[in-house]
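A short write-up of the structure that comes next.
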Amino acid sequence: MATIEEVRVLLTKMPRKSLGFYPTSLHRLDVLSGELGVNLYAKRDDRSGISTFGGNKMRKLEYLLGDAVEQGADTVFTFGATQSNHAMQTAAACCKLGLKPVLYLVSVVEPNEDDVRANLLLDRIYGAEVHIVSPEPGETMTDMSARSREMAQQHADELRAQGGHPYIVPGGGASDVGSIGFVMGYIELMSQCQARCIKPRYVFHATGSGGTLAGLAAGRALVADTFENPQIVSIAVSAKSEGYEAQVADLANAALARLGAGDARVDAADLLVDTSYYGAGYEIPSPAGNDAIRRLARSEGVLTDPVYTGKAFAGLLDYVESGRIPQGSDVIFWHTGGATALFSESAIIGDLVCEG
Ligand SMILES: *Cc1c(COP(=O)(O)O)cnc(C)c1O
């Protein structure tokens with residue numbers, strides 16, 4: 001257990017490369033707060049930089065690529081879907097640090113080579129080496145992802161044999177190193193809240209690989225004695241295996257161990273992962289998610305996305321409107337980015353603009 005200052009000292013001992021613009025802003029959503037009867041704040045990691053198209057992966061990449069540079073890497077491999085926000089942010093970060101990005105991307109939605117869109121387009125602008133892994137007959141998304149990791153591993157081994165220095169960043173940047181970025185994020189949020197007398201009772205965010213949640217939960221465990229800590233509500237953006245919470249808790253504890261954080265621990269039972277809002281699946285739009293995108297845009301001008309943040313915001317709206325959150329509570333929506341998906345394939349966007 002530690003104070004904010006003590007956690008900051010632990011964080012400064014970790015190799016890190018400055019990439020984003022921190023702290024990201026925290027602002028009240030006045031119109032929606034009035035409509036919903038809670039004090040709703042947005043934590044804008046969608047505006048983390050480096051480019052116009054930020055996102056939550058940038059915090060993780062500060063520590064991941066800090067580690068890569070310290071290890072003498074020249075090439076960075078990572079994974080995701082063809083419209084992966086993580087892969088795009090990794091490519092951007094690599095450009096800034098003079099590293100070569102190599103992306104192994106699975107086509108959950110098949111890209112059209114004659115009309116390359118959104119993150120895949122940005123990956124090309126960044127000059128990333130892109131390998132698209134398309135499904136083979138009978139292959140599930142899990143199989144395809146596993147195959148993409150094997151292909152990348154083999155490629156990295158070949159580079160190493162030729163004297164190269166590859167560094168492998170897992171999908172979503174979900175490693176103990178990457179999760180430290182969200183220990184930093186949690187401390188940043190709590191400092192902002194403290195300075196402005198905001199008493200967050202709930203923090204909502206979209207959870208995918210679990211790295212963000214692991215870091216937030218680790219940060220929360222670290223300063224548990226200093227604050228009345230909020231409940232973190234993690235809205236899943238895809239089906240989760242039985243052991244997901246345990247896996248995230250392991251990741252959080254590995255991040256705490258790496259930080260040398262003493263006896264703070266995260267228990268799977270501390271985590272609240274809600275799988276009610278992802279709809280038909282990853283990269284498949286949901287009616288409630290698309291409603292939430294329009295509602296936030298039309299009340300506050302803030303853009304979210306159909307794959308992650310729209311679904312997370314739909315979860316937040318439902319929790320508040322169904323009375324699961326007491327009126328008058330201070331609620332944080334952690335905007336993790338992703339709005340490039342608004343310019344992606346129609347299979348990802350669905351009927352977002354068909355409604356009047
Ligand atoms: C990756 C991502 C998430 C989920 O973060 P994880 O750390 O993978 O759980 C949420 N929102 C957006 C926009 C993302 O790109």
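In each ligand, atom 1 is the first atom listed, and ligand 1 is the first ligand listed.
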Handout entry: Side-chain donor or acceptor of Ser329 paired with backbone N/O of Val331 under 3.5 Å
Key = no

Practice task
Give yes if a backbone or side-chain nitrogen or oxygen of Asn85 is under 3.5 Å from a nitrogen or oxygen of ligand 1, and no if not.
Solution key: yes

Exercise for the section: With the side chain counted from C-beta on, respond yes when Phe79 and Leu103 share a heavy-atom pair under 4.5 Å apart, and no when they do not. Expected result: no

Problem - Any Leu213 heavy atom less than 4.0 Å from ligand 1 - result: no

Problem - Lys57 and ligand 1 - part of the residue with a heavy-atom distance under 4.0 Å - result: side chain

Handout entry: Distance filter under 4.0 Å to Ala206 heavy atoms, resulting ligand 1 atoms
Key = 4 (C), 10 (C)

Problem - Subset of ligand 1 atoms that lie under 4.0 Å from at least one heavy atom of Thr207 - result: 9 (O)

Problem - contact_flag Lys60 ligand 1 heavy-atom lt 4.0 Å - result: yes

Problem - Atom indices of ligand 1, in the order listed, that fall short of 4.0 Å to a heavy atom of Gly210 - result: 6 (P), 8 (O), 9 (O)

Problem - Nitrogen or oxygen atoms of Thr212 and ligand 1 under 3.5 Å apart - result: yes

Exercise for the section: Considering the heavy atoms of Thr336, write down every atom of ligand 1 situated less than 4.0 Å from one of them. Expected result: 10 (C), 11 (N), 12 (C), 13 (C)

Practice task
Please confirm whether Ala174 comes under 4.0 Å of ligand 1, counting heavy atoms of the residue only.
Solution key: no

Exercise for the section: Compute the ring centroids of His131 and His155, then answer whether they are less than 6.0 Å apart. Expected result: yes

Practice task
For ligand 1, indicate whether the residue Asn56 contacts it via side chain, backbone, both or neither (heavy-atom separation under 4.0 Å).
Solution key: side chain

Handout entry: Arg265 with Asp263: basic N within carboxylate O range, under 4.0 Å
Key = no

Problem - Element-labelled atoms of ligand 1 that are located less than 4.0 Å from some non-hydrogen atom of Gly338 - result: 13 (C)

Practice task
Please state whether Gly55 comes within less than 4.0 angstrom of ligand 1, counting heavy atoms only.
Solution key: no

